[in-house]
K.L.:
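Shown below is the structure under consideration.
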2 protein chains.
Amino acid sequence: MNESAAPGRVGDVRRRNLSLVLDSIARTGDAKPSRAQLAAGTGLTKAAVSSLVADLVESGLVSEVGLYRDGERGRPGQGLELSARRGVVGMEINVDYLAVGLVDLGGNLRFHSTVESRNRGLAPDKVMERLGALTAEVKAAAAAENIAILGGGLAVPGLVDEQRNVVVSAPNLHWEREQLNPQSLLEGAPLGVRLSNEANSAALGELWYGAGQPDFLYVSGEVGVGGGVIIASELYTGPGGSAGELGHIVVHPEGPACSCGGSGCLETFAGQEAIFEAAGTPAGSLGERTHLLLGALAAEDPRATKAVHDAGRYLGIALASSARLMDIEAVVLGGHFALLADWLKPSLLSSLERYAPGLLDPSRLTVSGLEHSGTLLGAAGQVIRSVIESPFEFLLASKLA
Amino acid sequence: MNESAAPGRVGDVRRRNLSLVLDSIARTGDAKPSRAQLAAGTGLTKAAVSSLVADLVESGLVSEVGLYRDGERGRPGQGLELSARRGVVGMEINVDYLAVGLVDLGGNLRFHSTVESRNRGLAPDKVMERLGALTAEVKAAAAAENIAILGGGLAVPGLVDEQRNVVVSAPNLHWEREQLNPQSLLEGAPLGVRLSNEANSAALGELWYGAGQPDFLYVSGEVGVGGGVIIASELYTGPGGSAGELGHIVVHPEGPACSCGGSGCLETFAGQEAIFEAAGTPAGSLGERTHLLLGALAAEDPRATKAVHDAGRYLGIALASSARLMDIEAVVLGGHFALLADWLKPSLLSSLERYAPGLLDPSRLTVSGLEHSGTLLGAAGQVIRSVIESPFEFLLASKLA
DNA sequence: TCCAATTAGTTTTCAATCTGAACTATATGG
DNA sequence: CCATATAGTTCAGATTGAAAACTAATTGGA
């Protein structure tokens, strides 16, 4: 007999409805709904909502925030919101910097700190030590604002094994199969720390806290070219968890060799390194080179202009193929593609028009507005969403404690 | 307040468990499980399984098939199976032929008939009329075997709007926005007739009735190059329902114009027409040209060999990009790629190794064994699966009748 | 032949959970 | 100050699966 899914129990109904109510509160956001409004919005009876909300309030996930009035007759409702006294820490390790932030359950970035750190080639232990110093700042800020830290999310620029806390491969950090211990950054946080991929987290940040649309491809141009695929408001990770590798789509059969072992990959035409080299930007720190490149573009330097133009053309080819294959109708540019968007977009759009006419409406090619905090918000948001999607487990744990 | 998902009701538990039990019976297949075995397999109690099975038997979906013995002590169990007296009709409209089949709930193809029909450019009404004549044969066969027809699935080589029964675009039939009335083919069938895409149906047929694996990309080389993406044992259709368009991945930036309006698409290198032309196969019917091409390959004709070799090379590029983007680790070749597999595979594999080394294990590039019946099985299977996934609705309907 | 052992399946009691209706609580406005 | 309106709670009733006790059917050995 094949293994099957778990059987439905009567108690599952409550699990689902707890999540439904919590999600309703989260999505209503600033409007701070009453129990009666939740009943109307979810289709549950007032009786059921009252009982569910009682559990959520008792666990501390939801707070009552005074009476709700809108000038009409009748008894006023009690406004409800996700507790502003519970937070999750977002953390990011990138090639040239470390960043941390504190996000409350409502998705507000309550504290934020970034430090430059040349992490390329540095041992994971060393990087984690530096990150630990930064998280100490977050803990202090949380204590000062009386926010309990429930857990954390740590984003890294590479392929991760979330279950085992292993960075399988982060070529731009020169990390291969590195075992991390992210829990150590937040001892005692009940939900622990979840490791995630930087491009995926940025895509989720964009989904939940940025220009949310249910379906889009997020393109992350950091040192590598990464991508995050959002379908029906969920991250598509593929069977093995590494979907969205836009940087290694083949855009020219006779293209140069790529660090991945293949050849003709998008990254060899549109990665940061490739653009800097084609533009003739001298070696230096990322910040310096970016500054120089933007300056050259502003001065209409022909070499820099052509470099970015070509990158846009090949990015257009990769997006045309991706959009056809995955049926994607919207694209959000992040990372250095966001910085270069003004110079990149014309050739990108004309390339899309040449290789997949009519497929992608130009108005649906947008630039991320979250900048670097998108990754932090997404990394923390994954933990927040996991609570919203299964609050029952959280209630159990908080009842025991 | 945002619209939310439907609230959980106590009755949902039974919906889910009915499906769980039915699915368990379906997956156990020829082993014909007893109630006690189902209880062990699903995690439900014997009492619950008995009650659920009683409903399923009453509705006619499940039959008891005598006592189950395996030489051990104790009371023998009643074997259960999906009823062999209920069936679904699979139907296929393709460029050069029409096909119908009768599939019982257990997935057995009980009757099968194909006729040549040059449908390219023919009006949908005319084609549906011919198909109607063919379905009459199926109805007669079903009556003779005392099988009640529950519904049907109709696969066409194009993009469909399943909800509205519209063929949005089937370039190889020269159909654009054609409204069909598939229900008319099976008047009175309680589940109606579901319209679907041919490549997607073939992929699902492969999943359910062929070399089932939970994750793979099915490549359908009919007149166009189509694809079906199976992730976690489900068809991935994308937000708009048209994912898997492998034929229009850009494999060469300077490639020729494609019928889709783009250029450099895989279809211009590896579509049937492109291969026939490159191989120098003279014009004629599909059957004749295929026969000639296979003959030329067997005779090691250099032009034919090179044509197929090149097609394999570009197919490899498309698969490398797809595998990277969607994290796919297995590929099943169908349609004319299955026929050409012996000559295609070498260049395809070396191309994969060049553009995405190590990504796809050569042993996971396989050829479909279902041949043309895969599409029929998949088209019918979608209706069968819809019953297995929500039997509650079916029970309700059969109780009213 | 007959009974202990074993396995299949049913019946009964109980707890969880939602619905629906009746009820209480708290506001507005004439 | 009371009619009206809206928010929220309480309680009986229905559905459902779990758990345990029960009945049914078969084998094998005394």
Side-chain angles (χ1 to χ4, degrees), chain A residues 1 4-21 31-58 62 64-80 391-392 395-396 399, chain B residues 1 5-21 25 31-58 62 64-80 391-392 395-396 399:
Chain A
M1 171 105 24
S4 310
R9 306 267 155 77
V10 179
D12 296 344
V13 179
R14 195 162 186 87
R15 275 173 207 255
R16 173 159 172 199
N17 286 334
L18 280 167
S19 171
L20 183 67
V21 166
K32 308 201 189 311
S34 65
R35 287 166 177 77
Q37 288 172 318
L38 288 171
T42 57
L44 289 160
T45 58
K46 289 190 294 172
V49 170
S50 277
S51 158
L52 293 160
V53 166
D55 280 4
L56 293 171
V57 168
E58 196 201 357
V62 167
E64 297 195 322
V65 286
L67 295 184
Y68 168 90
R69 283 280 64 202
D70 51 351
E72 307 192 359
R73 295 218 269 186
R75 172 176 166 180
Q78 286 278 352
L80 298 168
F392 188 80
L395 301 207
L396 268 190
K399 223 159 228 172
Chain B
M1 170 106 25
R9 305 266 156 78
V10 179
D12 296 344
V13 180
R14 195 162 186 87
R15 275 172 208 255
R16 174 161 170 196
N17 286 335
L18 280 167
S19 170
L20 184 67
V21 167
I25 296 172
K32 307 200 189 313
S34 65
R35 289 166 177 79
Q37 289 172 318
L38 289 171
T42 58
L44 288 160
T45 58
K46 288 190 294 173
V49 170
S50 276
S51 158
L52 293 160
V53 166
D55 280 4
L56 293 171
V57 168
E58 196 200 357
V62 167
E64 297 194 322
V65 285
L67 295 186
Y68 167 90
R69 283 280 66 203
D70 50 352
E72 306 190 359
R73 294 220 268 186
R75 172 176 166 180
Q78 285 280 350
L80 299 168
F392 189 81
L395 302 206
L396 268 188
K399 222 160 228 169

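Since this is a predicted model, take the numbers as computed values, not measurements. We name chains A, B, ... by the order of the sequence lines, and we start the count at 1 in each one.
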K.L.:
Tell me the salt bridge (Lys or Arg N to Asp or Glu O under 4.0 Å) pairs involving residues 47-56 of chain B, sequence neighbours left out?
P.N.:
Arg14(B)-Asp55(B)
K.L.:
Output one line per pair: protein atom, nucleotide atom from nucleotides 23-25 of chain C, and distance, for all N/O pairs under 3.5 Å.
P.N.:
unit_1, atom_1, unit_2, atom_2, d
dA25(C), N3, Arg75(A), NH1, 3.4

K.L.:
Under the rule for side chain to side chain contact (heavy atoms under 4.5 Å, CB included), what residues qualify as partners of Val10(B), not counting sequence neighbours?
P.N.:
none
K.L.:
Going by heavy atoms closer than 4.0 Å, what residues in residues 9-19 of chain A are next to DNA chain D?
P.N.:
Arg9(A), Val10(A)
K.L.:
Only counting residues at least two apart or in another chain, list the ones meeting side chain to side chain donor-acceptor pair (under 3.5 Å) with Arg15(A).
P.N.:
Glu393(A)
K.L.:
Do you know the tightest heavy-atom contact between Gln37(A) and Pro33(A)?
P.N.:
OE1-CA, 3.2 Å
K.L.:
Kindly state each residue pair satisfying salt bridge (Lys or Arg N to Asp or Glu O under 4.0 Å) with at least one member in residues 34-47 of chain A, sequence neighbours excluded.
P.N.:
Arg35(A)-Glu64(A)
K.L.:
State which of dT26(C), dT10(C), dG8(D) makes the closest approach to the side chain of Arg35(B).
P.N.:
dT10(C)
K.L.:
Given Val62(A) and Val21(A), is the side chain to side chain contact (heavy atoms under 4.5 Å, CB included) satisfied, shown in steps?
P.N.:
CA-CA 10 Å; Val62(A) 167; Val21(A) 166; over 6 Å; no
K.L.:
Minimum heavy-atom separation for Ser34(A) to Leu80(A), with atom names?
P.N.:
C-CD1, 4.4 Å
K.L.:
With sugar-phosphate meaning primed atoms plus P, OP1 and OP2, does Ala47(A) contact a base, only sugar-phosphate, or nothing at under 4.0 Å between heavy atoms?
P.N.:
base
K.L.:
How would you list, by chain and number, every residue that makes a side chain to side chain contact (heavy atoms under 4.5 Å, CB included) with Val13(A), sequence neighbours excluded?
P.N.:
Asn17(A), Val13(B)
